[in-house]
Amino acid sequence: MTKLPTLARNRIHRYAAMAAMALLLAAPAQAHEVVNQVQRQQAVTVTLQYSDGEPFSYETYELYAGRGATPVQTGRTDSQGRVVFLPGEEATMRLRAFSADGHGVDLRFKVPAASQESTADSPAIATDKLGRPAKLLIGLAAILALFAGWQLFIRQKNRP
């Protein structure tokens, strides 16, 4: 067996050391890899609209499970004003969504069971007990009651 000259041995040792360093440095690089998984699951969709029918598009929201203080999901509504999430074990949810100009909603609702899912033929789950006309009448009645109370206060103040 022939002996390698010292210069060649040093090169081999240097290359072996560089290869070992490369292998050692490659292992932490795998920690930065993002692994993905695509699967189909049953999701819940909440659609938000302004009163004129315009979608509540690209507005920020926070989704809470039950009475939790920390949101389980945050983000922005999509172009159709939808918030989509996968329900967990909690049956009641709270959705807070607000726009920059002050419009918004603080909504509590129950997640429908898998057998009660909404389809194109069945109506969506109603979360608002009062319709728009009822809300307008209640607001008008409150304003009139405040005005009547103010007038009574002024008349009593002006009596001799």
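Here, residue 1 is the first one in the sequence, and each next residue gets the next number.
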Identify the heavy atoms of Ser79 and Tyr58 that sit nearest to each other, and give their distance. CB-OH, 3.0 Å
Grouping ILVMFWY residues whenever side-chain heavy atoms fall under 4.5 Å, the cluster of Leu140 otherwise contains Leu144
Which heavy atom of Val46 sits nearest to which heavy atom of Phe85, and what is that distance? CG2-CE2, 4.2 Å
Taking all non-hydrogen atoms of both residues, which atom of Ser57 and which atom of Thr77 are closest, and how far apart? C-OG1, 3.4 Å
How about Glu89: does its CD atom have over 12 heavy atoms from other parts shown lying under 6.0 Å from it? no
Sequence neighbours excluded, every pair satisfying salt bridge (Lys or Arg N to Asp or Glu O under 4.0 Å) that has a member inside residues 57-81: Asp78-Arg82
I need the Thr45 OG1 to Gln80 CD distance, nearest 0.5 Å. 12.0 Å
Inter-residue atom distance Phe147.CZ - Leu152.CG, 0.5 Å rounding: 10.5 Å
Can you name the side chain to side chain donor-acceptor pair (under 3.5 Å) partners of Ser99, sequence neighbours left out? Asp101
The complete set of salt bridge (Lys or Arg N to Asp or Glu O under 4.0 Å) pairs with one or both residues in residues 43-57, sequence neighbours excluded, reads none
In the hydrophobic clustering that connects Ile, Leu, Val, Met, Phe, Trp and Tyr at side-chain heavy-atom distances below 4.5 Å, which members other than Phe98 occupy its cluster, ordered by chain and number? none
Do Leu48 and Met93 share a hydrophobic cluster, counting only Ile, Leu, Val, Met, Phe, Trp and Tyr and linking them when any side-chain heavy atoms are less than 4.5 Å apart? yes
Identify the two heavy atoms, one from Pro87 and one from Val111, that lie closest to each other, and give their separation to 0.1 Å. CB-CG1, 3.7 Å
Could you check whether any side-chain heavy atom of Tyr64 comes within less than 4.5 Å of a side-chain heavy atom of Gln73, counting everything from C-beta outward? no
Sequence-distant partners of Asp106, salt bridge (Lys or Arg N to Asp or Glu O under 4.0 Å), two or more places apart: Arg94
Would Leu95 and Tyr50 show up in the same hydrophobic cluster when neighbours are defined by side-chain heavy atoms closer than 4.5 Å? yes
Grab the two heavy atoms, one from Phe56 and one from Ala97, that are nearest each other, plus how far apart they are. CE2-CB, 3.7 Å
